[in-house]
Amino acid sequence: MEELLDDLNDKQKEAVEYLDGPLLILAGAGSGKTRVLTYKMAYLLEKEIVKPWEILAITFTNKAANEMKERVNNLIGEKAEDVWLGTFHSICVRILKREIGILGFSNTFNIFDDLDKDKVIKEIVKNLKIDEKQYPISLLKYEISKAKDNMKDYKKYKKEAMGDFRKEQIADIYEVYQKTLKQNNSIDFDDIIMFTVKIFSENPDILMKYQSKFKYILVDEYQDTNKAQFLLISLISASHGNICVVGDESQSIYGFRGADISNILNFEKEFSNAKIVKLEENYRSTQNILNAANAVIKNNKSKIDKNLWTSNEIGEKIVYKTLDNEYAEVEYIVEKIDEICRKENMTYADFAVLFRTNAQARVLEEVFVKSGTPYRLIGGLKFYSRKEIKDLTSYLKLIQNTSDNIALKRIINEPKRGIGDTALQRLEQIAIEKNISIFDVMQDSDNLVGIRSAGNIIMFRDMINSIIARKDSLKVSDLMKVILKESGYEDMLNEDATKDAENRFENLMEFIGVAMEFETESADNTLADFLDSIALVSDVDKLEEDAEAVTLMTMHSAKGLEFNVVFIVGMEEGLFPSRRSIDEDEACEEERRLCYVAITRAKKKLYITNASKRTLYGSTAYCINSRFIAEIPEELFDDEGKENIEKRKKKSQKYIDKEYVQVEGILEKTGGYFGGIPSKSTSKVTPFGIDVNSFLNNISGTKNVAKNIDNTNKYVVGMSIKHKKFGIGTIQKIDPEDDDLKLEIMFDKYGFKRLMANHTPLEILD
DNA sequence: AAAACGCCGGTTTTT
DNA sequence: CCGGCGTTTT
């Protein structure tokens with residue numbers, strides 16, 4: 001064991017060995033915090049200070065939890081198996097399975113995902129006849145979520161809302177939403193934490209049980225905890241104070257979803273006699289990369305003094321390059337990856353491309369596919385939100401918990417079995433009157449008298465009942481196969497000969513594959529466990545360690561990961577930092593922390609790129625450099641990058657000074673908008689800048705310059721042309737209109753259209 | 001019940 | 001520009 005600790009530096013060792021009460025480890029990026037946590041766990045177990053099941057260790061993702069368990073086992077043998085190690089949510093679900101009865105739920109409860117939440121809130125808004133324009137679903141969801149993060153149930157929310165009509169309205173929706181959840185014997189993500197804390201704070205006996213069970217508590221990524229999570233750990237550790245949290249204020253990037261940075265800033269106040277250990281030696285990155293990261297984060301008004309350093313080599317300069325547009329940007333990256341792989345004995349797995357918003361992923365994918373570069377895209381289209389997956393999951397959820405009306409409503413007529421809206425409404429009506437679930441309404445055939453589709457309902461109900469009877473004797477994967485067969489879902493897909501149906505079927509097979517894997521890997525593998533596990537899994541969890549592919553993901557998803565070569569793309573004001581953050585100091589500081597996270601993912605090489613003109617959400621805008629580029633000292637960049645910075649500075653100045661700018665080969669006067677993105681402007685503002693067209697329209701005497709270059713002499717009657725959307729057609733008539741031409745064209749497939757020549761790109765076919 | 005049309009919104013996202 | 005949705009149309 002002593003030898004084991006020799007692997008650690010002095011500070012790390014101090015953090016591992018300190019066991020007298022609360023400990024805050026301030027761990028800079030790449031300073032070995034996971035190492036400290038795993039060694040600490042190993043140390044606690046090896047020295048037999050506590051038993052495995054007396055340790056509660058909380059990580060940010062399931063992936064991190066699994067890795068940690070594996071690493072502890074590697075250090076001291078298979079002792080970590082019984083440690084309670086998981087995310088806040090998975091740990092709390094485990095607790096709720098035992099304790100939720102006290103809140104009036106049964107422990108067969110289901111977990112609502114985001115889509116369920118949407119659906120329910122939408123329905124409530126409709127029923128309460130509230131204007132969806134004034135109370136958008138997204139806002140309601142956010143409000144309710146925020147309330148729960150702050151431990152406000154609807155009663156408390158209601159009290160605080162008094163006198164504020166708008167809040168009162170939201171409080172009403174919150175109340176109905178919460179009651180609906182209860183009726184469905186379901187809880188949402190935020191309830192998982194809030195309910196656990198509620199049970200603990202209202203029931204000293206239950207709390208005491210867990211306080212004496214968990215003798216040591218470890219929390220990773222502490223800077224991203226919210227108030228409810230803080231309360232949870234402080235309640236459990238209150239009796240003994242054996243709590244160790246690890247975090248880095250500079251990497252707090254989830255403020256937008258309730259993470260409360262003051263948890264880490266005020267740790268000393270909240271936990272008396274807390275000891276603080278700082279880990280400031282970075283083992284990951286080259287000096288150049290680390291210097292860049294430090295220089296950027298220096299611009300935040302940090303509350304915590306720190307000095308992250310490394311004894312690694314100085315390393316290569318940071319490459320900074322501006323490309324013409326978003327396609328050129330990615331093409332450049334693909335070329336570079338190819339070049340580095342050839343020259344430097346690296347493989348695709350060494351690379352990551354980090355972007356700010358998922359909307360950027362489309363171009364990345366397009367270019368990667370075209371160039372044949374293997375990649376894996378994290379996030380984006382979620383497997384579990386696909387229709388067919390949601391459908392099968394809903395069958396499983398209904399079987400697990402027949403109170404789940406949401407699941408029932410989703411699949412009662414999927415596949416079509418002749419149970420329409422009227423019948424469903426009738427059933428729902430009775431369910432409300434009798435205060436039972438819709439499924440229970442169906443169980444009593446007397447309730448179905450007078451409903452035309454009663455026969456179909458009975459068939460559906462009997463089918464579900466017969467599957468419920470087998471749910472404990474069948475493996476989950478077999479249960480899924482039975483459902484697909486007996487519900488008619490499989491037949492429905494087979495009868496549909498489209499590619500789409502084929503895809504759906506394949507997805508379902510993949511889903512069954514997930515279940516089979518779950519059965520072999522997991523000790524607890526009941527249906528309930530499976531449903532929990534899929535509700536609580538994230539995209540990053542599925543990231544395989546050694547896939548031979550370039551990783552494409554958001555900067556947020558990259559937290560906690562590292563790569564030899566990192567490309568940060570779209571370094572433009574309005575995109576990164578995002579347009580919505582640039583007016584607010586706190587939001588902008590969070591963007592800067594995100595930039596810090598992104599830079600510190602890189603071990604050996606860092607590339608920063610942007611586009612001089614970018615099309616996003618259908619409009620094209622000129623871009624000016626992200627402020628974060630200017631925050632990196634010039635001497636850290638390669639020569640070309642330095643030059644580029646100068647060039648870009650001048651160019652931005654031109655935009656500001658109403659000089660000239662080149663647009664598709666034509667010199668045009670600028671409108672002088674680019675000193676920053678104007679918050680109030682009559683011109684069309686895209687999410688990240690100024691729309692090129694409206695920009696150019698503001699140029700004196702020029703109208704709509706972004707049109708095609710003069711087309712007026714190109715066309716003759718009878719010419720055959722090709723249009724991007726309408727395909728092939730023949731020009732029938734040409735009329736001059738203003739300084740443009742009105743073309744009347746008969747398309748082969750789309751029939752007759754009138755188009756303006758200078759506004760429509762047409763390919764001449766002859 | 002499906003297709004067609006029109007409107008809105010589009011950071012980040014766990015879990 | 002794209003997709004998701006709600007509404008209208010057939």
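Here is the naming used below: chain letters follow the sequence lines, and residue numbers restart at 1 for every chain.
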From OH of Tyr254(A) across to C1' of dT13(B) the rounded distance in Å is 6 Å
Q. If you look at every strand shown and take non-hydrogen atoms under 4.0 Å, does Ser138(A) touch a base, only sugar-phosphate, or nothing?
A. nothing
Quick note, Asn413(A) side chain, CB onward, closest among dT14(B), dG10(B), dA1(B) is dA1(B)
From CG of Asp421(A) across to P of dA1(B) the rounded distance in Å is 8 Å
Closest of dC2(C), dT11(B), dT12(B) to the Glu591(A) side chain is dT11(B)
Please list, for nucleotides 2-4 of chain B, all pairs of protein and nucleotide N/O atoms separated by less than 3.5 Å.
none

Closest of dT12(B), dC2(C), dC5(C) to the Thr554(A) side chain is dT12(B)
Here the distance between atom P of dT11(B) and atom CG of Leu616(A), to the nearest Å, is 9 Å
Heavy-atom nearest nucleotide on DNA chain B taken for Ala535(A) and for Thr357(A); more 5' hit belongs to Thr357(A)
For Phe105(A) and Phe195(A), take the angle between the two ring planes, folded into 0 to 90°, and tell me which bin it lands in: parallel under 30, tilted 30 to 60, perpendicular over 60. tilted
query: Is it true that Glu221(A) and Lys559(A) make a salt bridge, defined as a side-chain N closer than 4.0 Å to a carboxylate O?
result: yes
Mutual orientation of the aromatic rings belonging to His89(A) and Phe189(A) [parallel < 30°, tilted 30-60°, perpendicular > 60°] = perpendicular
From the candidates dG6(C), dG10(B), dT13(B), the one with an atom nearest any side-chain atom of Tyr617(A) is dG10(B)
Lys390(A) to Tyr384(A) six-membered ring, cation-pi geometry met (6.0 Å, 45°): no
How would you label the contact of Lys63(A) with the nucleic acid (heavy atoms, under 4.0 Å): base, sugar-phosphate, or nothing? nothing
Report task. Give Thr61(A) one of three labels, base, sugar-phosphate or nothing, depending on what nucleic acid heavy atoms sit under 4.0 Å from its own. Result -> sugar-phosphate
Practice prompt. Report the C-alpha distance between Phe230(A) and Phe88(A) in whole Å, list the side-chain angles of each, state the deciding distance to 0.1 Å, and finish with yes or no for ring-ring contact (aromatic ring centres under 6.0 Å, His included).
Written response: CA-CA 10 Å; Phe230(A) 162 78; Phe88(A) 270 104; over 10 Å; no
Among the nucleotides dT12(B), dG10(B), dT14(B), whichever has the atom closest to the side chain of His556(A) is dT12(B)
To the nearest angstrom, the CG-P distance between Leu536(A) and dT14(B) comes to 12 Å
Tested for side chain to side chain donor-acceptor pair (under 3.5 Å) against Lys397(A), the lone hit among Asn110(A), Asp404(A), Asp116(A) is Asp116(A)
Inset, instruction - Check every strand shown and say whether Phe88(A) touches a base, only sugar-phosphate, or nothing at a heavy-atom separation below 4.0 Å. - result: nothing
Report, one pair per line, the protein and nucleotides 6-9 of chain B atoms (nitrogen or oxygen only) whose separation is under 3.5 Å.
none

Do Phe256(A) and the base of dT12(B) stack face to face, with centres under 5.5 Å apart and an angle between planes under 30°? yes
In terms of relative ring orientation, are Phe530(A) and Phe511(A) parallel, tilted or perpendicular, with 30° and 60° separating the classes? tilted
